[in-house]
There are 2 protein chains.
Amino acid sequence: MPKKVDHHERRTLIADALMRVAAEQGLEAVSLRHVAAEAGVSAGMVQHYFRTKDEMMGFALSVVRERGQKRVGEAVARLGPDPAPRLLLRTFLAAVLPLDDAGREDGRVALAFLAYTAVRPATEPSLRTDTAQLVEFVAGLLPRGRNENAAGVLALMEGLGMYLLSGQYTQQQALAALDAHLDLLFSRQVSASDG
Amino acid sequence: MPKKVDHHERRTLIADALMRVAAEQGLEAVSLRHVAAEAGVSAGMVQHYFRTKDEMMGFALSVVRERGQKRVGEAVARLGPDPAPRLLLRTFLAAVLPLDDAGREDGRVALAFLAYTAVRPATEPSLRTDTAQLVEFVAGLLPRGRNENAAGVLALMEGLGMYLLSGQYTQQQALAALDAHLDLLFSRQVSASDG
DNA sequence: TGTTATGCAATGCAGTCGTATTGCATAGTG
DNA sequence: CACTATGCAATACGACTGCATTGCATAACA
């Protein structure tokens with residue numbers, strides 16, 4: 001059999017180019033030829049590794065997700081064993097937020113994909129992460145009686161991400177809002193009925 | 001001079017069709033001919049009322065925003081004069097969330113536009129609402145000492161909206177998260193709840 | 001009633017799209 | 001060495017895009 005090429009590597013190379021195009025010019029600018037040019041390869045090669053455009057999009061989407069999970073995992077691992085719940089939660093949330101350039105680029109792409117998949121139910125379950133699991137994870141880190149706020153924490157994070165991406169909040173504002181929220185969650189309060 | 005036609009009405013008619021297409025098939029499916037077909041008019045007429053596609057997009061975007069503001073305004077006005085801060089805040093937030101079908105459609109379109117304008121700085125300032133003013137508005141409704149949580153409230157709302165649109169949270173979950181957050185913010189006060 | 005600016009439809013054009021097809025160089029196998 | 005599956009490039013094709021242009025009916029004004 002002929003040439004041996006690392007398929008996955010080639011596909012990732014192309015997916016990276018796709019994400020660069022999407023981050024800079026939006027998902028509508030993503031075409032086979034455009035991606036090929038960005039990747040510095042021929043359009044034929046893109047076709048060779050992805051039989052259809054949707055297949056390419058799907059693969060790129062999976063790369064985005066994996067990259068995000070990897071970033072979060074590394075940030076958390078950097079905390080060492082048995083970190084304090086609040087610190088762990090904050091690290092997790094901050095790792096998801098698009099704070100540095102790389103994160104911003106990924107965030108732009110993720111946002112584009114979100115709008116993209118909002119219309120294509122086929123690829124949706126891939127992006128529709130195990131949010132329920134995330135909610136449980138967050139709930140486990142909150143003080144007792146605050147379990148009901150877990151979903152809100154994730155929503156706050158997502159919203160902060162959007163405001164960051166659209167440039168309406170600065171990094172400082174977003175982190176301040178995040179910390180203010182954590183203050184609220186981890187502060188001792190008297191609630192009227194059960195909290 | 002010839003026929004007298006309500007320009008704004010025609011443009012709105014076309015923009016409505018555009019939003020229907022965008023809500024159902026995404027913004028990439030928005031083309032002059034497609035929108036014209038959806039509106040039940042000729043492609044030439046669309047061209048007649050919008051000299052360029054970008055002009056049409058911009059107008060549709062402004063319609064989305066106006067519609068949203070109108071919905072919020074009406075919901076707030078329905079409260080009557082001098083509503084309690086928490087009720088006013090909750091009403092405002094719930095009015096922004098995509099809870100009914102109409103809101104969901106508008107939300108889809110808004111999301112598509114968000115990703116769209118994320119790449120086109122020209123139209124961005126139009127969508128980049130006076131968020132700062134909103135933050136101030138929210139801050140004025142929060143109990144004293146909670147001003148720093150205003151930005152977080154907006155982010156939470158935005159995030160809940162996204163989770164609602166992507167189907168990751170149900171209405172009940174989103175409203176529960178919203179109320180749990182309000183409970184936290186208004187911890188000393190009467191907790192309200194309604195469907 | 002004639003004039004004319006306007007509303008609107010139809011067509012054409014250059015460009016891009018996704019994809020199917022074809023051709024070929026080549027590296028690994030027998 | 002001969003063979004062949006594979007990597008990859010190139011091209012063709014029909015559909016679609018935004019936009020410019022053209023033509024014409026008509027309603028308001030002179």
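Bear in mind the structure is a predicted one, so any value in this text is a computation, not a measurement. Order of the sequence lines fixes the chain letters, A, B, ..., with proteins taken first and strands second; residue numbering starts at 1 for each chain.
Rounded to whole Å, atom P of C:dT19 lies 8 Å from atom NZ of A:K53. One can place CG of B:L13 at 14 Å from C1' of C:dC8, the figure rounded to the nearest angstrom. Atoms CG (B:D6) and P (C:dG7) sit 11 Å apart, rounded to a whole Å. For B:H48 and C:dC8, the NE2 to P distance is 7 Å, given to the nearest whole Å. In this structure, A:D54 atom CG and C:dC17 atom C1' are separated by 13 Å, rounded to whole Å. To the nearest angstrom, C1' of C:dG7 lies 15 Å from CZ of B:F50. In this structure, B:I14 places its CD1 atom 12 Å from P of C:dG7, rounding to the nearest Å. For the pair A:E9 CD and D:dC8 P, the interatomic distance rounds to 10 Å; values are reported in whole Å.
When the ring pair (Phe, Tyr, Trp, His ring centres under 6.0 Å) test is applied to A:F59, the partners found at least two apart in sequence or on another chain are A:H8, A:F50.
Within the 4.0 Å cut-off from OP1 or OP2 of D:dC8, at least one side-chain nitrogen or oxygen of A:R10 is found. At least one side-chain nitrogen or oxygen of A:T52 sits closer than 4.0 Å to the OP1 or OP2 atom of C:dT19.
The side chain of B:H7 has C:dG7 as its nearest neighbour among C:dG7, D:dC19, D:dG7.
Taking every heavy atom of residues 16-34 of chain A and every atom of DNA chain C, pairs under 4.0 Å involve A:V30, A:S31, A:L32, A:R33, by number. DNA chain C is contacted by A:Q47 of residues 38-47 of chain A, taking any non-hydrogen atom closer than 4.0 Å.
Considering CG of B:L160 and CG of B:L93, their distance stands at 9.0 Å, rounded to 0.5 Å. If you take CD on A:E24 and CD on A:E38, they are separated by 6.0 Å, rounding to the nearest 0.5 Å. Here NE2 of A:H34 is found 10.5 Å from CG of A:L18. Values are rounded to the nearest 0.5 Å. If you take OG1 on A:T131 and CD on B:Q168, they are separated by 3.5 Å, rounding to the nearest 0.5 Å. Of the inter-residue distances, the one linking B:L184 atom CG with B:N149 atom CG reads 8.5 Å to the nearest 0.5 angstrom. If you take CZ on B:F186 and CZ on B:R146, they are separated by 9.0 Å, rounding to the nearest 0.5 Å.
Annotation: B:E136, atom CD; neighbour count of heavy atoms from other residues, nucleotides and ligands within 6.0 Å does not exceed 12.
Among pairs with a residue in residues 97-107 of chain B, those fulfilling salt bridge (charged side-chain N to carboxylate O under 4.0 Å, His left out) read B:R67-B:D106, B:R71-B:D106, B:D101-B:R104, at least two apart in sequence or across chains. The list of side-chain hydrogen bond (donor to acceptor under 3.5 Å, both in side chains) pairs with a residue in residues 81-90 of chain A, not counting sequence neighbours, reads A:R86-A:D183, A:R90-A:D179.
Judged by distance alone, the side chain of B:K53 and the main-chain N or O of B:V30 form a donor-acceptor pair under 3.5 Å.
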Nucleotide-level pairing of DNA chain C, given in dot-bracket where Watson-Crick and G-U pairs need both distances under 3.5 Å and | marks other strands: ||||||||||||||||||||||||||||||
